[in-house]
2 protein chains.
Amino acid sequence: MTLLDLSLLGLLADQPLHGYELSKQLRELGRGSVSYGALYPALARLDRKGFVTTAAATTEPPPDTAPMTGSLGAEVARLRRGTPARAQRPTRRRKVYTITEPGRAYLHDLLTRPAEDDRTFAAQFAAAGHLTRTERVDLLEHRRHALRARLAQDHPREADRYRSALRDRDRLSDEAEIEWLDHLIAAERDTQIPHPVDDPVERSPRTVGGSVS
Amino acid sequence: MTLLDLSLLGLLADQPLHGYELSKQLRELGRGSVSYGALYPALARLDRKGFVTTAAATTEPPPDTAPMTGSLGAEVARLRRGTPARAQRPTRRRKVYTITEPGRAYLHDLLTRPAEDDRTFAAQFAAAGHLTRTERVDLLEHRRHALRARLAQDHPREADRYRSALRDRDRLSDEAEIEWLDHLIAAERDTQIPHPVDDPVERSPRTVGGSVS
DNA sequence: GGTTACATGTAACTAGTTACATGATTAG
DNA sequence: CTAATCATGTAACTAGTTACATGTAACC
């Protein structure tokens, strides 16, 4: 569940979103999709714990980045046609979730917690924009270390053709990812050569004086 | 659970094994390990359903292939030292599981069932030695098709640096696997050029006159 | 007027983890 | 004799799926 929490908070740290939209973004981000039977209970849990706040979005769509972000174009079109949207139709539609300060703190904790699992790393890296550069380098180096360790363990050589081929694939895949990591780590070190001064957060997360629940 | 069933039966189709040994082989085969809290209940279930039979291995170790296969060397050493092993010590130790004919039929079903999931493919391919060459080629081609489909879907280009890098990694990984599949498929076609006569099973799975469910 | 996509949720079930409990055998 | 590893299992809990239930809005 920490994995779902992580993915959800990672997306909400960028901008407020509603459940259905979160589901879509998770689907295209990672492999496979979250079932609604997992998603909505998870969001309710995050709400209860105070990591997010909810608001019904009958009229105001969440402040969008681009005018055609997913399903959010609908309201725009309706407004253009002059159809009354905020009118006396209560239509309890979308519920928009906004991350809170405790939520950001929890996210930070989940992002800096070392993980051996492949999927957890992917989820962490997807939200790496919410880490400082040094934290991000730590994340990448920890991953590289984990992959090296996985490659290092000597398996008794496989008698079966297919099992041995499968191991080849896994080894190749891990080696390729280490190379990918090396490039990323190098890129992190290159951007803004750190004078003794370290880490001026390069992606400010939207709010300045955020209110806490 | 079908995944565990598949992995377990795949190993047992090679030779009878006990739970602990199965656990070890699974650990070195795929990534990560099965917990005993999942393993033993699964074996009990397979037993109840008649897919495996059990026998207490107080004296006779399962007919081994090599004299030093894993923990099985222990009995050999003891026999050499003349220590009485089968003696009046009931020592309810290892429980050896042997696959049955219904079990093989079930395994065959699990192996030929098309799967989109990455881990299911890995488990299927690990037991590919128990398929005919044509079935195996089907398995590989289905996987290739699934990967191509995954690559084909156009994602709206990612604004975030890290998410976009993550997608690169996934794409590279899928492309590398397709190449790997191509080699394997070519190799399958090369071995024993099929005259009009197709599929003389090159790895007979222990029995000759197998019954079909 | 029907199909598709949007949107949120619940209930029953399935699968798996962690922690516990127990004990045998082997190597130093 | 003691630690590590072998070996099997159970109970409580956690996480997730599938199927159901309901309704709106957009497109053709």
Side-chain angles (χ1 to χ4, degrees), chain A residues 1-8 17-27 32-47 54-58 61-62 69-81 83-85 87 89-97 116-117 119-120, chain B residues 1-8 17-27 32-47 54-58 61 69-78 81 83-85 87 89-97 117 119-120:
Chain A
M1 197 202 74
T2 41
L3 219 174
L4 230 193
D5 283 3
L6 172 51
S7 311
L8 256 18
L17 289 169
H18 58 272
Y20 193 83
E21 182 65 24
L22 280 163
S23 155
K24 277 206 307 181
Q25 296 206 194
L26 286 179
R27 181 165 49 245
S33 50
V34 212
S35 63
Y36 295 119
L39 176 67
Y40 288 111
L43 285 171
R45 222 161 30 229
L46 289 173
D47 190 12
T54 71
T58 18
T69 310
S71 64
L72 264 39
E75 278 87 350
V76 179
R78 187 173 52 201
L79 288 170
R80 258 201 276 273
R81 286 200 314 275
T83 316
R89 305 247 295 312
T91 49
R92 67 93 172 95
R93 302 225 59 214
R94 295 172 306 177
K95 239 170 118 175
V96 171
Y97 295 87
E116 304 315 309
D117 177 36
R119 299 161 67 179
T120 302
Chain B
M1 196 201 76
T2 41
L3 219 174
L4 232 193
D5 283 3
L6 172 50
S7 311
L8 257 18
L17 289 169
H18 59 274
Y20 193 83
E21 181 64 25
L22 280 163
S23 155
K24 278 206 306 181
Q25 296 207 193
L26 286 180
R27 182 165 47 243
S33 50
V34 212
S35 64
Y36 295 119
L39 176 67
Y40 288 111
L43 285 169
R45 221 160 31 232
L46 289 173
D47 189 13
T54 70
T58 16
T69 311
S71 64
L72 266 38
E75 280 84 352
V76 179
R78 185 171 54 199
R81 287 201 313 276
T83 316
R89 303 247 296 315
T91 50
R92 66 91 170 99
R93 302 226 59 215
R94 294 173 306 177
K95 242 168 114 174
V96 170
Y97 295 87
D117 177 37
R119 298 161 67 179
T120 303

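The nearest whole Å value for the distance from the OH atom in B/Y20 to the P atom in C/dG23 is 19 Å. Going from atom CD of A/Q25 over to atom P of C/dC6 covers 13 Å, rounded to whole Å. Across the protein-nucleic acid pair, A/R93 atom CZ and C/dA7 atom P stand 6 Å apart, rounded to whole Å. Atom CG of A/L3 is separated from atom C1' of C/dT17 by 14 Å (rounded to the nearest Å). Atom-to-atom, CZ of A/R119 to C1' of D/dA15 comes out at 11 Å; the value is rounded to the nearest Å. Distance CG (A/L4) to C1' (D/dT14): 13 Å, rounded to an integer number of Å. Spacing between atom CG of A/L17 and atom C1' of C/dT8 amounts to 16 Å, rounded to whole angstrom units. Protein atom CG of B/L43 is 8 Å distant from nucleotide atom P of D/dG9, rounded to whole Å.
For the pairing with A/L8, the side-chain contact (heavy atoms from CB on, under 4.5 Å) check across A/L3, A/L39, A/L17 returns one residue only, A/L39.
At the phosphate of C/dG9, OP1 or OP2 sits under 4.0 Å from a side-chain N or O atom of A/K95. Between B/Y36 and D/dG9, a side-chain N or O to OP1/OP2 separation shorter than 4.0 Å is absent.
Along DNA chain D, the nucleotide nearest to B/G19 and the one nearest to A/V34 differ in position, and the one closer to the 5' end is contacted by B/G19.
Shown here for B/Y20 and B/Y36, the closest heavy-atom pair between the two residues is CE1-OH, 3.2 Å.
Nearest nucleotide to the A/P41 side chain, out of D/dG9, C/dT10, D/dT17: C/dT10. Nearest nucleotide to the A/S35 side chain, out of C/dC6, D/dT18, D/dA7: D/dT18.
A distance of 11.0 Å separates CG in A/L6 from CE in A/M1, rounded to the nearest 0.5 Å. Here the OG1-CG distance, from B/T54 to B/L43, works out to 10.0 Å after rounding to the nearest 0.5 Å.
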